[in-house]
Amino acid sequence: MRLGRTLTRRFFARDVTVVAPDLIGRVLVSTTEQGPVAVRLTEVEAYAGPLDPASHAYRRTARSEIMYGRAGHLYVYFVYGMHWCANLVTGPDGTASAVLLRAGEVVDGLPLAWARRPGARRERDLARGPAGLAAVLGLTGPDTGLDVCDPAGRLLVRAGDGHPVTVAAGPRVGVSTAADVPWRFVETGNPTVSAYRRGTRATRGSVGTVG
DNA sequence: CGTCCGATACACT
DNA sequence: GTGTATCGGACGC
């Protein structure tokens, strides 16, 4: 597929609720010594910094400090004792907001993607769910701080092929607070979108259409 | 398809 | 000490 231009810091510096749906259909390109892997995004979530109880930046700590920095930087965190999840810092400087990269379809580097996901059964599962997506791209904790706006960096975000994308919004997955806000954005009907799982204290919300 | 549940280690209180 | 922005397997429909 056509990858399009590399997205600039200006793209990421907009409000997180604008950036998040605009990331659907964009292509993440990871390049390591092992080779390239490219993933077209189909599912993301917005986390709105200190105003958002579900955000790691709700409190300013050592871990969340990266989110208080410039847009366009990577934040990778460790959860449940075994998984890594990747975020892109967005918004004007200091807003500490970020977009969690939840799912996508592998569009280049399939053999390497399979090697990084030995347990996967089907191709559509390779980057389905935030932990699988981070694994396919080879992203772990030490990658926190990567600047995706540096053309020489190991992770870039490209505009994609320009085909129109239908985006739906609904409640975020797995969060136990602020479960009512519709800040999960998915490509309608795409099979790589992960299953909805409500948080322990969350109640299910409705799904509407955006864009 | 859906629900239930354990694994596992770290950040934070 | 407590809770977690998850996953995959087991099971039932």
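Among the protein residues, A/Arg63 comes within range of the sugar-phosphate backbone only, with heavy atoms under 4.0 Å from sugar or phosphate atoms but none that close to a base.
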Pairing annotation in dot-bracket form, given for DNA chain B with Watson-Crick or G-U pairs under 3.5 Å and | for cross-strand partners: |||||||.||||.
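DNA chain B is contacted by no residue of residues 95-106 of chain A, taking any non-hydrogen atom closer than 4.0 Å. Less than 4.0 Å separates DNA chain B from no heavy atom of any residue of residues 43-58 of chain A.
The other residues sharing a hydrophobic cluster with A/Met1 are A/Leu3, A/Val27, A/Val29, A/Val107, where clustering joins ILVMFWY side chains under 4.5 Å apart. In this structure, A/Val193 belongs to a hydrophobic cluster whose other members, linked by side-chain heavy atoms under 4.5 Å apart, are A/Val186.
Residue pairs meeting the side-chain hydrogen bond (donor to acceptor under 3.5 Å, both in side chains) criterion with at least one partner in residues 71-81 of chain A, sequence neighbours excluded, are A/His56-A/Tyr75. For the salt bridge (charged side-chain N to carboxylate O under 4.0 Å, His left out) condition, the pairs that include at least one residue of residues 65-76 of chain A, sequence neighbours left out, are A/Arg60-A/Glu65.
For A/Tyr68, the ring-ring contact (aromatic ring centres under 6.0 Å, His included) criterion is met by no residue, not counting sequence neighbours. A/Ala46 meets the side chain to side chain contact (heavy atoms under 4.5 Å, CB included) test with A/Val16, A/Ala20, A/Trp183, A/Phe185; sequence neighbours excluded.
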Between the protein and nucleotides 7-10 of chain B, are there any N/O to N/O pairs under 3.5 Å, and if so, what are the atom names and distances?
unit_1, atom_1, unit_2, atom_2, d
B/dT8, O2, A/Tyr80, O, 2.3

Contact state string [nucleotides 8-13 of chain C, B base, S sugar-phosphate only, - no protein heavy atom under 4.0 Å]: B-----
Could you pull out every donor-acceptor pair under 3.5 Å between side chains of residues 109-120 of chain A and any protein atom, sequence neighbours left out?
unit_1, atom_1, unit_2, atom_2, d
A/Arg116, NH1, A/Val136, O, 2.9
A/Arg116, NH2, A/Thr32, OG1, 3.1
A/Arg116, NH2, A/Gln34, OE1, 2.8
A/Arg117, NE, A/Leu126, O, 2.8
A/Arg117, NH2, A/Asp125, O, 3.0

